[in-house]
Amino acid sequence: MTIKKLLIANRGEIASRIIKSAHQMGIGTVAIYTDPDANSPYVREAKEAFKLDSSYLDAKKIIEIASNANVDAIHPGYGFLSENSNFANLVSKSNIKWVGPSANAIKKMGDKLTAKKLSEKASVPTLPMTSDPKEAKKIGYPLLIKAAAGGGGKGMRIVKSQKDLKESIASAQREAEGGFGDKRVFIERYIAKSRHIEIQILGDSYGNIVHLGERECSIQRRHQKVVEESPSPVVDEELRNEMGAAAIKIASLLKYESAGTVEFLFDEKTKEFWFLEVNTRLQVEHPVTEEVTGIDLVREQLKIANGDPLDFSQEEIEWFGSSIEVRLYSEDPGNNFLPVTGKLIAFEPTENPLVRWDTGVETGSEITPNFDPMLAKVISYGENRVEAANKLALALENSHFGGLKTNRDYLISILRSDEFLQGNTTTDFLEKAKIKDEINLSEKEIYFLAIAASMWIQGKNRFESEVLSNLSSGWNNARLPMQEVKLQYKDKPLTVKYNNNREEIFTTDNNNLAKINSWDKNFIDIEIDNVRIRSKITCEDDLLLIQSKSGDVLFKILPKFETVKKVSIDGGLNAPMPGKVVEVKIKKGAKIKKGDTLVILEAMKMEHKVLAPSDGKVKEILIHKDEQVENGATLVVLD
Amino acid sequence: MPKLESQPFESKLDTSGEQFNKNKISMLSMLEEIDVLLDEAELGGGEHHKERLSKRGKLPVRERVFHFLDPDSPFLEISGLAAYKSDYPVGGGAIAGIGVSAGIECIIFANDPTVLAGAMHFYSVKKWMRAMQIARDSRLPFIQFVESAGGDLRPRSNAVVGGTTHFAESGRQFYEITELSKLNIPTVTVTFGTATAGGAYQPGMSDYNIFVKDQADVALAGPPLVQMATGEISSREDIGGAKMHAEKSGLAEYLADNDLDGIRIAREVMSHLNWEKEGTKPRFSIEEPLHNQDDLLGLIEPSLKTPFDIREIIGRIADGSKFEEFKPLFGPTIICGFISIHGYPVGVLGNNGMLFPNASQKAAHFIQLCNKRNLPLVFLQNITGFMVGKDYEQDGSIKKGAQMLNAVSNSEVPHLTIIVGNSYGAGTYAMSGREFGNSFTFLWPTAKIAVMGGEVIAGVMSIVRRGQAIRKGIKFDEKKDTEIVKDQQIGHDKASVALKATSVLSDDGIIDPRDTRDVLGICLSVVNNKKVQGSKSFGVFRL
């Protein structure tokens, strides 16, 4: 039997990604979705789609949908049920092909402790670890707490000293329990200046296993990867072969089928590497391997699931050039990378330069707290690493997207930093390289963009006018004040005043001359003094997003007339993001010290502590456990 | 969108000649003088008054108007140079103009509190009356920004009566506001400051009242007069405070926090007016004229002695310069034809010389025709009058001229009149002067308006004096007479200039010739707030 119809038990960009390869192979696709995803692109891209009333973790229901839709195979993507051996089992028992490794391999590797034993059996070195908190001292600080069932940084904590150990373990357990339904954690030695290097493997059902080289994913924030690349700047052919052989050895012991990743920690100084874990799924960062090898990993997975043998041997695999992937998130790097929710008012990836955008969002997408706030993976390919980095930075700069805070400027800063270009990408890169979350524009350049934005608004006002609309902008025979547009950039108000003249040249209150070459609903081409600005513009309600040479700038349009001001409560502590209250650590009237944890919020599956800003007393608690709170909601009032 | 099928007018204007340049220099210097006067008008009662206002958190009158208007929308000020060379600052202590607020064309009249605390006098009352007339004629919502100390009671002023000669003739303003309301023309008043005694009826008679907190002071009589009349001691707030009127008397519908808030509320009111224009939108696709409008600066020689082809103006105000001339071979001293301006089809009449009898007939015929087609009429005046002399009187100069005057008087489509040069005697009337019921009159800086030219008047008077001398048998002093003639000519010419006319609000203002097309475009849109309907009481007489 060959696969004719595939259900993707996933959502977002990876669902779109899998649909693309499946359709290329002539395989029909079935998408599943929950309410928040009703308008997601992947639902439309799939040939058929079914609504899931529960969640993407509801194995039984998903299999029921698959059976009713007569699918031949299920691809789990990454996350959700992708590394759930029970699900893999259920799928196989339902006579549906499972696109992934065997349930047994998943189960074994799902437990990091078992995985470590396997590695030892394969004579691949591992880091010292323990499951007993009492032995933490033996491992030595700083150390790392990891969830046995972990992945994606959930349940992971770096502990710098003994005093934080207890709380860190408790919180890691809580997160692990919430994320994986398994609260087991263990303690491992933490190596600060290391590199995270992983080997992509492929195995078929005939015992053939090959590796597709490495990916380096050392640049991480909150234990989640931000930049991934292949090849690694520190891996040469010899090391690649060595690590590849180690990975194949481990995989062979598992009789590994499908795509998988063997993760290692690499110490650049000693050239040592330690086995970390095996990811028994397609990785988020798989595209960089595809770019340098020319092998479509999803296609290979589907072929393997179909029972086809690999049609290339290790010797036939070749690597060309360099590929870098960045993960574009709606998050605030300046605020501890906290997720940001809201509406993506524009999402228009550039075609100049053309890079690969694996994305599950589009213009108008709402970024909700329900799912991971990743907007897209942007992947470049270049002849060499520097070219790939520059091209990727350029693509990020030339694209038009935003409306809510993203990490674009931050990613561009990484890609354009000397540290990155020189390949100094150890795991402490982000602290060391002092990456700034700032757009590379001068104050004057921001002001010119404000003028361009004002001129666009002016054009919109004229375009939308229904009477006297053919008269030139601001026509009058009187003495009237200059027209004005009040904008806000970040927290700073920025007012542009202007007059139009007989030659349709606008003069600002700073004597800049602006001449509009063309205007339309999403674009302006304007000369300000002698600077030509050609920008896509998206305006929605009071937000105006305008392209600059370094990416988009978001202005808030301030109202002409001030309306009633919102009164904020003195001493009130507000929620930094929307989320669920998982714990209230204080009682009314309690005395608190600066830095005390008052409330723990969970948003996007991550915990966030609300700390006391100063010493004081709790006057009032306005929320309770398990309550869902809005961004900015007052949680606690302090005296 | 359809277009006028006619061909563009071919310009013969020599824009590189010496005369053109001289004319242009002269026109620009007149415009410069006007610019200076507009700056002066903007100052109102002076900078120090504005500072005093701003200290009390109040906005200058022009900012009030500006914030009320939709951003980037046009604003046509009416009679900006009223009270020029009068006892009052130029501008007349009030602003009137047509603008767009919340997407609705409307007319705004605003007191300038920096001029005599907004006290009303001949010029401001006339401006106010004119604003209400425009509201009535063109069916425009009427907005008042009130802050006025009342009538200018100083002895020399005839303010109470607003240009009339006795108090008994006064008060028509208040009647007019009420009339507007009856005609379904909304009247919206924002009271920013004092409005007492008669002034209290300004908000008193409006459909909507917005009072600014702690600033509006509206009472029939202030505390001193009350004390005089009844002996009662009271405070200003008790008697006329904004809050009192919002809570107790119910005179104010809306209580605003400050000037800007009052304007915001006024815009809210505008947005609920459920206003629809009865007339049409632009019917034709709008094309810029082929010929440069800047050329209008050099068209006219300032003494007005050198004739020019009025079609050079038509070709610069018409969409695509397209002009379909009506009866070009008959009565050629009046040019008639069809054009469109900013997409509005109109009939246009312009003078290329004196009104000869058959020119009058042609005009009468054309006006009647445009009434049947419901086409507004644009009059471009450069007229020294009807042709006089034996032959012409015998040809029926009066009778045929009367046909034209009759047609103009009884025409019911809107008339827009631009006086570009001469405007003399009965010619002024025949070409739809202000008193012949036009909708708008605008002047070019070169306009001269009088019963006849100064030279002619002075000459006529000289002939009369000479005749008297002969009859009485006294010696005629030639030398003295020459001096009198010269003085009279200068005097009359001075009195006839555009600035003098506009000072007493006998028109709607002086415009830059380059703005002619846009001003007409605005006016055409404005008059279309009311359905444009020609007279139904006659057919087209083929005169």
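So you know, we letter chains A, B, ... as the sequences are listed, proteins then strands, and number each from 1.
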Asks: Are there more than 12 heavy atoms of other residues, nucleotides or ligands under 6.0 Å from atom NZ of Lys531(B)?
Replies: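 Count not over threshold, so no.
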Asks: What's the shortest heavy-atom distance between Val467(A) and Gly103(B), and which atoms?
Replies: CG2-O, 3.7 Å
Asks: Is it the case that more than 12 heavy atoms not belonging to Asn39(A) sit under 6.0 Å from its CG atom?
Replies: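 It does not: Asn39(A) CG has 12 such atoms or fewer within range.
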Asks: Going through the checks in order, is the side-chain contact (heavy atoms from CB on, under 4.5 Å) test met by Ile522(B) and Leu468(A)?
Replies: CA-CA 7 Å; Ile522(B) 293 172; Leu468(A) 301 177; 4.2 Å; yes
Asks: With a 4.5 angstrom heavy-atom cut-off, which part of Ser465(A) approaches chain B: side chain, backbone, both or neither?
Replies: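 Contact with chain B: none, neither part.
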Asks: Heavy-atom count check: over 12 atoms from other residues, nucleotides or ligands less than 6.0 Å from Lys490(A) NZ?
Replies: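 Counting other residues, nucleotides and ligands, NZ of Lys490(A) exceeds 12 neighbours.
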Asks: Answer yes or no: does atom CD of Glu466(A) have more than 12 heavy-atom neighbours from other residues, nucleotides or ligands under 6.0 Å?
Replies: no
Asks: From Asn461(A) CG over to Asp70(B) CG, what is the distance, rounded to the nearest 0.5 angstrom?
Replies: 8.0 Å
Asks: Less than 4.0 angstrom from a charged side-chain N to a carboxylate O is my criterion; do Asp35(B) and Arg479(A) meet it?
Replies: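 So Asp35(B) pairs with Arg479(A) through a salt bridge.
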Asks: Please check if atom CD in Glu366(A) has more than 12 non-hydrogen atoms from other residues, nucleotides or ligands closer than 6.0 Å.
Replies: yes
Asks: How about CD on Glu32(B), more than 12 heavy atoms from neighbouring residues, nucleotides or ligands closer than 6.0 Å, or not?
Replies: no
Asks: Using the six-membered ring of Phe66(B), assess whether NZ or CZ of Lys560(A) lies under 6.0 Å from its centre and within 45 degrees of the ring axis.
Replies: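 Lys560(A) over Phe66(B) ring: yes.
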Asks: Out of Ser472(A), Ser469(A), Ser473(A), which one racks up the most heavy-atom pairs below 4.5 Å with chain B?
Replies: Ser473(A)
Asks: So does Asn510(A) have more than 12 non-hydrogen atoms from other groups sitting under 6.0 Å from CG?
Replies: yes
Asks: Give me the atom names and distance for the closest heavy-atom approach of Pro481(A) to Glu63(B).
Replies: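 The pair with the smallest heavy-atom distance is CG-CG, 3.5 Å.
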Asks: Picking from Asp515(B), Leu260(B), Leu524(B), which has the most non-hydrogen pairs under 4.5 angstrom with chain A?
Replies: Asp515(B)
Asks: Can you tell me which portion of Asn528(B) sits under 4.5 Å from chain A's heavy atoms? Options are side chain, backbone, both or neither.
Replies: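 Asn528(B) has no heavy atom closer than 4.5 Å to chain A.
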Asks: Can you name the closest pair of heavy atoms from Pro74(B) and Leu471(A) and give their distance?
Replies: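 Minimum heavy-atom contact is CG-CB, 3.7 Å.
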Asks: Hey, does the side chain of Asp72(B) reach the backbone of Gly474(A) with a donor-acceptor pair shorter than 3.5 angstrom?
Replies: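 Not confirmed, Asp72(B) side chain does not pair with Gly474(A) backbone.
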Asks: Tell me, side chain or backbone of Arg267(B) under 4.5 Å from chain A's heavy atoms, or both, or neither?
Replies: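 Interface part for Arg267(B): side chain.
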Asks: Do other residues, nucleotides or ligands put more than 12 heavy atoms under 6.0 Å from Asn440(A) CG?
Replies: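 It does not: Asn440(A) CG has 12 such atoms or fewer within range.
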Asks: Can you confirm whether Asn477(A) sits close enough to Asp512(B) that some side-chain heavy atom of one is under 4.5 Å from a side-chain heavy atom of the other?
Replies: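 Answer no - side chains too far apart.
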Asks: Between Lys277(B), Glu105(B), Gln293(B), which residue shows the highest count of heavy-atom pairs closer than 4.5 Å to chain A?
Replies: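 The option with the most such pairs is Glu105(B).
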Asks: Can you see which heavy atom on Phe75(B) is nearest to which on Leu480(A), and at what distance?
Replies: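 Phe75(B) and Leu480(A) have their closest heavy atoms at CD2-CD1, 3.8 Å.
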Asks: Side chain, backbone, both or neither: which part of Ile286(B) has a non-hydrogen atom closer than 4.5 Å to chain A?
Replies: side chain
Asks: So Phe561(A) and Asp261(B), side-chain contact (heavy atoms from CB on, under 4.5 Å) or not? Walk me through it.
Replies: CA-CA 7 Å; Phe561(A) 299 100; Asp261(B) 195 42; over 6 Å; no
Asks: Does Arg502(A) pair with Asp294(B) as a salt bridge, N-O distance under 4.0 Å?
Replies: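 No, Arg502(A) and Asp294(B) are not salt-bridged.
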